[in-house]
Amino acid sequence: MSGWHFGPAQPADLHNVLVSTAATRLGIPPVSAGDTTAGYQTTYPLQSALAAGKDYPLDYRLGDMQRKEELEVGARGTLSPLAEVGTKVLYPRIQEGGGENADVAAAQLRSQVAGLQGGPELNPGSVLATVKHWPGEGAGGEAGIVYDAVTIKYHMIPFRAAIEAGAVNIMPGYAGSSYLDPGGPGAGDSAKILNYLRQNIGYTGLITTDWLPSGAWVNAANAGSDVMGGADPGAVGFTMAGFEAQVPLARINDAVTRILRLKFELGIFDHPYGDPVNGPYRFHQPSYTALANQAARESNTLLKNNGVLPVKLTAGDNIVVAGARATDGAACCIWSSYFHPDYGSLTPLEAIRARAAKASVNVYQDTGPAPKLAVVAVGEPSYTHATAWVDTQPYLPPDQLAVIQNFKNQGIPVVVVLTLPRPIVISDWNGLADAIVVTYRGGEETGPATAGLLFGDYTPRGKLPWQLPRSLDQVLKPGGTDTVADANESWDLPYDLGATDAQRAEIRAKIDAGQPVPTTYGNPLYPYGAGLTGWN
């Protein structure tokens, strides 16, 4: 049986895969799904950025846009969205989840699942959403999930919402759970963790593992996983005969039944192919770019402004654009956003230069004559599973800090444009910046959207999706490592940076009672939801 194809692939390559399956013994088409976590050919902001915008109808339209692009060429799935609540500051993949607020993440999941699947139920016009990473790695990361009988309730909120919205494919992550399976394996190999999904949550759909070596297939299948993610069935030492000998036939039949039923619901037996010749001409339409731009604009967050924004310059004035991210076109996105460079996505420098030209303002890179304003683009370059910097050093490295300090020393007003995929400590330069604009991972339109904000083409409305620490010791003990023993924050609790024990007890009590958790706990530098909705 031909099952899954894990891409994403370029249209011609995908078509070859789809056609080749017709020659297999049963001729069953695969579902092609890939890590298109923020769009297919048109790249929109990551979920943490969308959580700053909180525009759920727009989230639906972004999912619908992705669905339309994928259907053009026969791509019928995506390994997204994430139902993770980002309560652990040092979790690298916090950038891909829906922020620190479980209710916001849940609303986002409902919108995205419905948009991707084209309605409340899987149908022949759907792209299959794969909700991940079960059972919620935002409460610990890939090393281990630390919630307990109380705090699991908070982290289940987005998963329950996704299932209510019609999600029928869930991906377990690599992490195990000290609560659901003490001392046990990662979720994809844990019968206890998968049984909780089936029995306690009432989920009846498909379970698709994260990337596994084929040698792990037996354990995953016996634990209850239906589709084996990413592994090469032709790997040395692995045979299907050996797999079938170690996995009961009833378990195989159970998985195959789910897979076939889903494929019939997708309609891929009737329409197994896309249109690799004409389909790409309908990619990246102007209306799609406009949606990505709207999402970036609504997500951009103005944390502070000492009167320098919007830019108040006259024709002939000079701006300097500097910083490590000024010319980094990839920082808008993560590794799975493959295609945005193909469509001329502008870097911050390019976009600011283009917008400034309309006002006859000159833009120089790094240095220039008598600048009236410096725009310093800093933050982390693109990454996914690991941080670009040492994970226990969540703050700007010295070379980036020095650029901000240099302009401040010259008496030049400084606007910091911060690529912020995860919460970091900004206290060392917060006072140096005259304005701070946070762009998160804002998608392919980050540059133009940010340039428009600087020049006042629209007013800011984005709000921080997580707390920002006042100091590193709110996150870690001095000299600490990325372990629970060294953590000063509770990895499974929201809004607890700098919180007292009494406050943490209150947060737990709210969660246990099923009540919304106030976002005002702790003592962060910037609270959850910070962001100006005007210019001062």
Side-chain angles (χ1 to χ4, degrees), residues 37-38 44-63 80-89 91 93-116 129 131-133 135-139 147 151-165 167 294-303 420-423 438-443 460-468 491-497 507 510-511 514-522 524 526-533:
T37 54
Y44 52 82
L46 281 186
Q47 286 176 234
S48 56
L50 296 179
K54 297 185 185 65
D55 185 342
Y56 308 120
L58 177 60
D59 295 345
Y60 171 86
R61 294 173 69 193
L62 294 170
S80 65
L82 274 73
E84 298 181 2
V85 188
T87 54
K88 180 194 173 189
V89 168
Y91 177 37
R93 300 189 75 170
I94 198 171
Q95 62 178 331
E96 296 174 79
E100 193 169 3
N101 187 313
D103 293 320
V104 169
Q108 186 184 87
L109 262 288
R110 291 188 187 98
S111 299
Q112 289 188 299
V113 168
L116 288 164
V131 177
K132 63 186 189 183
H133 297 93
E137 292 178 356
Y147 49 55
T151 52
I152 189 175
K153 298 176 182 180
Y154 189 78
H155 291 268
M156 289 298 102
I157 290 172
F159 282 101
R160 291 182 185 276
I163 294 168
E164 291 168 0
Q294 179 185 348
R297 286 161 64 132
E298 292 186 5
S299 299
N300 277 351
T301 301
L302 183 61
L303 276 189
L420 188 71
R422 59 173 171 138
V438 180
T439 66
Y440 311 100
R441 298 266 191 235
R461 64 179 293 277
K463 302 286 188 178
L464 271 181
W466 344 264
Q467 294 177 319
L468 289 191
W491 287 359
D492 55 340
L493 289 181
Y495 323 125
D496 78 315
L497 289 180
I507 294 171
K510 293 285 188 183
I511 293 170
Q515 298 172 352
V517 181
T519 62
T520 53
Y521 285 107
Y526 285 100
Y528 172 90
L532 302 176
T533 51

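This structure is a prediction, so every number in the text was calculated from the model and none was measured.
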Tell me every residue that passes salt bridge (charged side-chain N to carboxylate O under 4.0 Å, His left out) with [X], counting only those two or more places apart in sequence or in another chain.
X: R61; value: none
X: R160; value: none
X: D496; value: R504
X: R422; value: E380

Inter-residue atom distance [X].[atom1] - [Y].[atom2], 0.5 Å rounding:
X: Q47; Y: D59; atom1: CD; atom2: CG; result: 8.5 Å
X: R441; Y: L420; atom1: CZ; atom2: CG; result: 9.0 Å
X: L46; Y: L82; atom1: CG; atom2: CG; result: 9.5 Å
X: S299; Y: L58; atom1: OG; atom2: CG; result: 8.0 Å
X: E137; Y: I94; atom1: CD; atom2: CD1; result: 13.0 Å

Least distance between heavy atoms, [X] atom then [Y] atom:
X: A167; Y: V113; value: N-CG1, 3.8 Å
X: L109; Y: P81; value: CD1-CG, 3.4 Å
X: S48; Y: P465; value: O-CG, 3.4 Å
X: V131; Y: A83; value: CG1-CB, 3.6 Å
X: P516; Y: K510; value: O-CD, 4.0 Å
X: A52; Y: T301; value: CB-OG1, 4.1 Å

Residue list, side-chain hydrogen bond (donor to acceptor under 3.5 Å, both in side chains) with [X], at least two apart or on another chain:
X: Y521; value: E506
X: S80; value: T78
X: Q294; value: E298

Identify, with sequence neighbours excluded, every residue that meets side-chain contact (heavy atoms from CB on, under 4.5 Å) alongside [X].
X: A530; answer: L303, L464, Y526, P527
X: R93; answer: Y91, E96, K132, H133, E142, T384, H385
X: P494; answer: T87, E100, Y154, I507, I511, V517
X: K463; answer: K54, T533

### Message
Classify the ring geometry of Y147 against H155: parallel below 30°, tilted from 30° to 60°, perpendicular beyond 60°.
### Response
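Rings of Y147 and H155: tilted, as their planes differ by 30° to 60°.
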### Query
Quick one: ring-ring contact (aromatic ring centres under 6.0 Å, His included) partners of Y528, sequence neighbours excluded?
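Residues passing ring-ring contact (aromatic ring centres under 6.0 Å, His included) with Y528: Y495.
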### Query
Taking it one step at a time, do Y56 and V104 satisfy side chain to side chain contact (heavy atoms under 4.5 Å, CB included)?
CA-CA 9 Å; Y56 308 120; V104 169; 3.5 Å; yes
### Task
Give the C-alpha distance, both sets of side-chain angles, the deciding distance and a yes or no for side chain to side chain contact (heavy atoms under 4.5 Å, CB included) between T151 and W491.
CA-CA 10 Å; T151 52; W491 287 359; over 6 Å; no
